[in-house]
Amino acid sequence: RYKDSTSNPSFTPEPFYKSSPLEKGIADLFEKSNRNFRALGFSDGTSYSRGISLNLYASSGYESTPPLYTQNLYSYPSFLPRSMARHITPRSLRALELTSTRYVIHDNVAAEEIPSSLPRYSLYDEYLVADDDTAAIETALGMRGEFDINKTVVLSSDPDIPISGSGNKGQIRLMKEGLNDISFQTISNENTVLLLNDTYDKGWKAYVDGGETKIIRANYAFRAVAVPAGIHEVNFSFSAAGFREGKIISWGALTIFLFIVVWNIYATGVRRKLF
């Protein structure tokens with residue numbers, strides 16, 4: 001959404017930030033690709049520091065850091081001073097591939113393309129299980145044995161349905177995307193795992209044909225769900241922890257407040273009639 005949003009500094013519309021022709025070209029490719037890859041942007045515009053923009057992962061200084069799991073993949077520093085707070089270095093080429101980073105931009109220097117990066121969303125029929133954070137990040141980054149990340153996804157637990165590993169992964173299509181939800185259509189002759197390379201967070205819920213299903217943390221930092229064979233609609237929806245409870249409490253407090261106001265008005269009128 002670089003054309004109408006300031007959440008992504010490198011692609012912010014003018015005149016707030018004068019995007020370079022290179023950045024505009026990458027942003028146009030991103031739109032045409034149906035938002036299926038990311039661009040990592042470094043800028044020397046701030047003295048002794050660099051800006052980082054990973055599309056959905058944007059950061060500007062220590063007061064705004066990337067999401068926790070992505071932060072760990074990218075070795076984002078947690079120390080001060082501010083002059084160092086924007087320095088960020090991917091752990092390896094694998095980290096770029098796992099985060100669907102297709103291009104790396106350095107100001108107006110020609111973009112470096114990484115064609116081996118994973119698409120933002122895809123289907124898998126093979127998986128490994130790494131049930132703790134250390135094992136998950138080391139396995140995903142290839143530190144515990146090499147494997148093809150295009151064929152195998154690292155999950156935090158086994159899926160609820162059997163995955164055959166037959167090689168027939170099927171097809172996936174993005175249906176719609178909003179600020180707090182994203183939907184896909186999947187078509188497959190076998191049970192599959194849908195990998196969405198957007199950050200894992202407990203506030204996300206997943207639904208297959210309207211029925212809630214378990215979200216599995218995948219490749220250490222991202223989200224996956226098991227999808228049965230056939231044609232299905234898969235939806236991810238976000239609600240911040242405590243939001244529903246807070247909404248109920250707020251409406252309850254407002255109702256009590258209005259009751260007190262009405263009661264006081266009524267009681268005042270009654271007293272006036274009596275005295």
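This structure is a prediction, so every number in the text was calculated from the model and none was measured.
Contacts of S164 classified as side chain to side chain donor-acceptor pair (under 3.5 Å), with partners at least two apart in sequence or in another chain: S166. Every residue was checked against the salt bridge (Lys or Arg N to Asp or Glu O under 4.0 Å) condition with D158, not counting sequence neighbours, and none meets it. Partners of Y124 according to the ring-ring contact (aromatic ring centres under 6.0 Å, His included) rule, which considers only residues two or more places apart in sequence or in another chain, do not exist here. For N150, the side-chain contact (heavy atoms from CB on, under 4.5 Å) criterion is met by L118, D148, not counting sequence neighbours. In this view, N180 and F238 satisfy the side-chain contact (heavy atoms from CB on, under 4.5 Å) rule, not counting sequence neighbours. In this view, A218 and V153, L155, L195, A224 satisfy the side-chain contact (heavy atoms from CB on, under 4.5 Å) rule, not counting sequence neighbours. Residues meeting the side chain to side chain donor-acceptor pair (under 3.5 Å) test with D181, sequence neighbours left out: none. I231 meets the side-chain contact (heavy atoms from CB on, under 4.5 Å) test with Q185, I187; sequence neighbours excluded. Every side chain to side chain donor-acceptor pair (under 3.5 Å) that D160 has, sequence neighbours left out, goes to K214. For S100, the side chain to side chain donor-acceptor pair (under 3.5 Å) partners at least two apart in sequence or on another chain are N197.
Sorted by first and then second residue, the ring pair (Phe, Tyr, Trp, His ring centres under 6.0 Å) pairs involving residues 157-178 (not counting sequence neighbours) form an empty list. Applying the ring pair (Phe, Tyr, Trp, His ring centres under 6.0 Å) test to every pair with at least one member in residues 159-193, sequence neighbours left out, gives these pairs: Y121-F184.
The distance between the ring centers of Y103 and F37 falls below 6.0 angstrom.
In this structure, a donor-acceptor pair under 3.5 Å is present between the side chains of T99 and T101. At a cut-off of 3.5 Å, with distance as the only test, a side-chain donor of E97 or S116 sits close to an acceptor on the other residue.
You'll find the side chain of S239 stays beyond 4.5 Å of the side chain of K205, heavy atoms only.
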